[in-house]
Amino acid sequence: MAKVRFLAHGRAWESEVPVGATVLQASKAVGAPEGDACGGVCACSTCHVYVTKGRELLSEAEEDEEDILDKAFDVRSTSRLGCQAKILRDGDIEAEISRESLDAFYNEHPNVKDPRKA
């Protein structure tokens, strides 16, 4: 099992998922606010995260993912699409949810209060 920690809003969500799961699947397992407007099929960038720990445990980004990230906001060297980042080995992974992803999540879930809007 891999342990994935998601960071946003000054708090953390932790999920344990089997090898083969994606970062997006891990976030859904614990209700972390990661967007997925396209349903996780690499057609948008709303599941954009910054992998700050455990990059070596994930699959390499393929051309389709890189093409979508080219259209994302605030792309960094640690950027990944949660729907494409597949967990290949057990270990600890940490991902900061991007502002773009948070915006998408709260737009997709209007019944969930956005803590950024007091």
Side-chain angles (χ1 to χ4, degrees):
M1 297 288 272
K3 185 188 303 182
V4 187
R5 174 181 290 129
F6 295 92
L7 305 173
H9 309 307
R11 70 172 281 211
W13 293 259
E14 287 190 9
S15 177
E16 285 197 34
V17 293
V19 168
T22 65
V23 168
L24 179 61
Q25 289 169 329
S27 75
K28 287 182 167 290
V30 292
E34 183 180 3
D36 68 328
C38 73
V41 296
C42 197
C44 70
S45 59
T46 60
C47 62
H48 179 200
V49 297
Y50 307 113
V51 179
T52 57
K53 180 179 179 185
R55 272 182 85 78
E56 70 281 359
L57 303 175
L58 301 175
S59 60
E60 293 290 323
E62 294 184 6
E63 189 174 338
D64 288 347
E65 179 180 359
E66 291 173 353
D67 288 346
I68 296 295
L69 279 171
D70 283 344
K71 301 170 190 165
F73 298 102
D74 194 20
V75 175
R76 304 174 188 171
S77 62
T78 59
S79 289
R80 291 298 306 268
L81 296 181
C83 70
Q84 297 302 296
K86 186 177 280 192
I87 300 165
L88 300 178
R89 293 189 300 282
D90 291 337
D92 293 338
I93 299 164
E94 189 170 271
E96 178 186 345
I97 302 171
S98 72
R99 180 178 176 182
E100 174 182 21
S101 188
L102 291 169
D103 290 346
F105 178 84
Y106 293 111
N107 285 336
E108 295 163 16
H109 301 90
N111 58 326
V112 178
K113 183 172 174 25
D114 184 344
R116 301 171 299 172
K117 298 177 181 176

Calculate, to the nearest 0.5 Å, the distance between atoms [atom1] and [atom2] belonging to [X] and [Y] respectively.
X      : Y      : atom1 : atom2 : result
Glu65  : Glu60  : CD    : CD    : 10.0 Å
Thr52  : Leu7   : OG1   : CG    : 6.0 Å
His109 : Asn107 : NE2   : CG    : 11.0 Å
Leu69  : Leu81  : CG    : CG    : 4.0 Å
Arg76  : Tyr50  : CZ    : OH    : 4.0 Å
Ile97  : Asp103 : CD1   : CG    : 12.0 Å

Residues 29-39 vs side-chain hydrogen bond (donor to acceptor under 3.5 Å, both in side chains), sequence neighbours excluded, gives Ser27-Glu34, Lys28-Asp36
Ignoring hydrogens and angles, tell me if any N or O in the side chain of [X] forms a donor-acceptor pair with the backbone of [Y] under 3.5 Å.
X      : Y     : value
Ser101 : Gly35 : yes
Ser15  : Val30 : no
Ser98  : His48 : yes

Of all heavy-atom pairs linking Glu108 and Thr46, the shortest is OE2-OG1, 4.0 Å
Smallest heavy-atom separation, Ala2 atom then Ile87 atom, equals CB-CG2, 3.6 Å
task = Answer yes or no: does atom CZ of Arg99 have more than 12 heavy-atom neighbours from other residues, nucleotides or ligands under 6.0 Å?
result = no
Side chain to side chain contact (heavy atoms under 4.5 Å, CB included) between Leu58 and Val23, intermediate numbers included:
CA-CA 9 Å; Leu58 301 175; Val23 168; 4.1 Å; yes
Go through Ser59 and Arg80 one step at a time and tell me if the side chain to side chain contact (heavy atoms under 4.5 Å, CB included) criterion holds.
CA-CA 10 Å; Ser59 60; Arg80 291 298 306 268; 3.8 Å; yes
Next item on the list: Determine, step by step, whether Glu100 and Ser45 satisfy the side-chain hydrogen bond (donor to acceptor under 3.5 Å, both in side chains) criterion, reporting the C-alpha distance in whole Å, the side-chain angles of both residues, the deciding distance to 0.1 Å, and the verdict.
Entry: CA-CA 8 Å; Glu100 174 182 21; Ser45 59; 2.4 Å; yes
Notebook entry, point to check: Passes side chain to side chain contact (heavy atoms under 4.5 Å, CB included), Arg5 versus Ile93? Steps please.
Noted result: CA-CA 6 Å; Arg5 174 181 290 129; Ile93 299 164; over 6 Å; no
Measuring only between side-chain heavy atoms, which start at C-beta, is Val49 closer than 4.5 Å to Val51?
yes
Test side chain to side chain contact (heavy atoms under 4.5 Å, CB included) on Arg55 and Thr78 and set out the steps.
CA-CA 8 Å; Arg55 272 182 85 78; Thr78 59; 4.0 Å; yes
Across all chains, not counting sequence neighbours, the side chain to side chain contact (heavy atoms under 4.5 Å, CB included) partners of His9 are Trp13, Pro33, Leu102, Tyr106, Asp114, Pro115, Arg116
Review point. Between Glu16 and Lys3, is the closest basic N to carboxylate O distance under 4.0 Å?
Key: no
